[in-house]
Amino acid sequence: MKLTKKKYLQGFAAVVILLAIVRWAIPEVAVPKDDKPAVRSEQMENAMQEETTIAKEEPSIVEEKPSIVEEKPSIVEEKEEKPGIAKEKSFRSLRRDGSKPHRILSVPSYKEAFPDTNAVQLVAARRWGVSPVKNREDAEARKKELVYVASSPFYHVDKLHQSIPYLVPRAAILLQDIGQAFFDSLYVKGVPLHRFIVTSVLRTQEDVARLRNFNGNATENSCHLYGTTFDICYNRYETVEEPDGPKRYQVRNDTLKFVLSEVLRDMRKQNRCYIKYEVKQGCFHMTVR
């Protein structure tokens, strides 16, 4: 088909008319890219002004909206009242002051961290302790040398069968310091407070003689005879909570054992005590230094 001058002019005029119609229908086409946001913003402002005008003219619609907003807080409150895993995670992830808790690391090996045998502890017991106590009557006569050890806010003294609750002052101070350090460590790690349990304290010679009949670990020359030694159980703990307060989430004994082992390791590194990890007896056997 041969393109004539007349047909070329007719086609050009048709294209110009088409572009004019497009520009009239869609003004944004003729605006440069950099100016388009300004055009959009003007359109948005015009739309908002129109909505404001409509809202003023129809107040009934605006008055109904607050009722929807007021209902939303009730949904949030219902979520907060439901106990569950989310609350436990938030307690573990943040302390009361909003700071993140320290990590629980424990020790690489209990036997390697607490290797002090009875022979090692006996040297310190003889240095800092009293002469071996014969029986209960002899212990009562030693009150000037020994102090009574009862349960405290930081630890619990178990019902004693083969020992009596007496220690030399140096050992009693060590026990108190361990209890306070254990509480501090639980707090900074975001773990609910627990008291560890003291299972054995001062033993008389009569106690040791009876104990050797059924306890293979008991020796005739026990460090417990000198009032310098005590045992802390690592597989039982007492939860500290308010009588009328909310129930705490359950903490595994292993977790508490990890924290306690960190505290004891630090005490041993400070040359405050010797410690032996007792597997059969389930306790940390320690003597003050």
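Position 1 is the first residue of the sequence; numbering continues from there.
- Q10 CD: more than 12 foreign heavy atoms inside a 6.0 Å radius.
- I275 pairs with exactly one of M286, R265, H285 by the side-chain contact (heavy atoms from CB on, under 4.5 Å) rule, that one being M286.
- No continuous path of hydrophobic side-chain contacts links V168 to M267 [ILVMFWY only; heavy atoms under 4.5 Å].
- Residues T228 and Q121 have side chains not in contact (no heavy-atom distance under 4.5 Å, counting atoms from C-beta outward).
- Judged by distance alone, the side chain of S261 and the main-chain N or O of K257 form a donor-acceptor pair under 3.5 Å.
- Once rounded to the nearest 0.5 Å, the distance linking OH of Y110 with CG of L264 reads 10.5 Å.
- Residues V133 and V208 do not share a hydrophobic cluster, defined by chaining ILVMFWY side chains whose heavy atoms lie under 4.5 Å apart.
- Contact annotation: the side chain of P165 approaches that of L160 to within less than 4.5 Å [non-hydrogen atoms, C-beta and beyond].
- Closest approach of S163 to T199, counting heavy atoms only: OG-O, 4.5 Å.
- Residues F114 and I197 do not share a hydrophobic cluster, clusters being chains of Ile/Leu/Val/Met/Phe/Trp/Tyr side chains in contact below 4.5 Å.
- Residue L260 comes nearest to C233 through the heavy atom pair CD2-O, 4.3 Å, listed as atom of the first residue, atom of the second, then distance.
- Pairing each heavy atom of V157 with each of V149, the nearest pair is CG2-O, 4.1 Å.
- Residue pairs satisfying the salt bridge (Lys or Arg N to Asp or Glu O under 4.0 Å) criterion with at least one member in residues 9-21, sequence neighbours excluded, are absent.
- In this structure, T229 contributes its side chain and C223 its backbone to a donor-acceptor pair below 3.5 Å.
- The distance from the CD1 atom of I164 to the OG1 atom of T204 is 6.5 Å, given to the nearest 0.5 Å.
- Nearest heavy atom pair, residue A181 against residue V263, reads CB-CG1, 3.7 Å.
- With rounding to the nearest 0.5 Å, the separation of OH in Y166 from NZ in K143 is 4.5 Å.
- V201 and L174 fall within the same hydrophobic cluster, where Ile, Leu, Val, Met, Phe, Trp and Tyr residues are linked whenever their side-chain heavy atoms come under 4.5 Å apart, directly or through other members.
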Apply the test side-chain contact (heavy atoms from CB on, under 4.5 Å) to residues I232 and Y234: give CA-CA distance (whole Å), side-chain angles for both, the deciding distance (0.1 Å), then the verdict. CA-CA 6 Å; I232 294 178; Y234 57 66; over 6 Å; no

Starting from the C-alpha separation in whole Å, work towards a yes-or-no answer on side-chain contact (heavy atoms from CB on, under 4.5 Å) for V120 and T117. CA-CA 5 Å; V120 173; T117 62; 3.5 Å; yes

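- How far CG of L256 is from CG of L186: 6.5 Å, rounded to the nearest 0.5 Å.
- Within the structure, every pair that satisfies the side chain to side chain donor-acceptor pair (under 3.5 Å) test and touches residues 150-159, not counting sequence neighbours, is listed here: S151-H156, D158-R236.
- In this view, F154 and F183 satisfy the ring-ring contact (aromatic ring centres under 6.0 Å, His included) rule, not counting sequence neighbours.
- A salt bridge links D207 to R210: one of the charged nitrogens lies within less than 4.0 Å of a carboxylate oxygen.
- The backbone N or O of F284 sits nowhere less than 3.5 Å from a side-chain atom of E278 that would complete a donor-acceptor pair.
- A distance of 11.5 Å separates NE2 in H161 from OG in S200, rounded to the nearest 0.5 Å.
- Note: the hydrophobic cluster containing V15 does not contain L9 (ILVMFWY, side chain heavy atoms under 4.5 Å, direct or indirect links).
- Screening residues 114-133 for salt bridge (Lys or Arg N to Asp or Glu O under 4.0 Å) gives D116-R268 as the qualifying pairs, with residues at least two apart or on separate chains.
- For the pair K189 and F258, the NZ or CZ position fails the cation-pi test of under 6.0 Å to the six-membered ring centre and within 45 degrees of the ring normal.
- Looking at every heavy atom in both residues, A172 comes nearest to V147 through CB-CG2, 3.6 Å.
- Closest heavy-atom contact between L225 and Q205: CD2-N, 3.6 Å.
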Full working for side-chain contact (heavy atoms from CB on, under 4.5 Å) between F230 and V288: CA-CA 9 Å; F230 51 87; V288 69; 5.8 Å; no

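- The structure places CG of D184 at 9.5 Å from CG of L193, a figure rounded to the nearest 0.5 Å.
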Decide side-chain contact (heavy atoms from CB on, under 4.5 Å) for E145 and S131; before the verdict, give the C-alpha distance in whole Å, the side-chain angles of both, and the deciding distance to 0.1 Å. CA-CA 10 Å; E145 302 173 83; S131 57; 5.5 Å; no

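- In this structure, the ring-ring contact (aromatic ring centres under 6.0 Å, His included) partners of F182, at least two apart in sequence or on a different chain, are F196.
- Annotation: ring-ring contact (aromatic ring centres under 6.0 Å, His included) contacts of Y274 (sequence neighbours excluded): none.
- A perpendicular orientation is assigned to the rings of Y237 and H194, their planes being inclined by more than 60° (bins at 30° and 60°).
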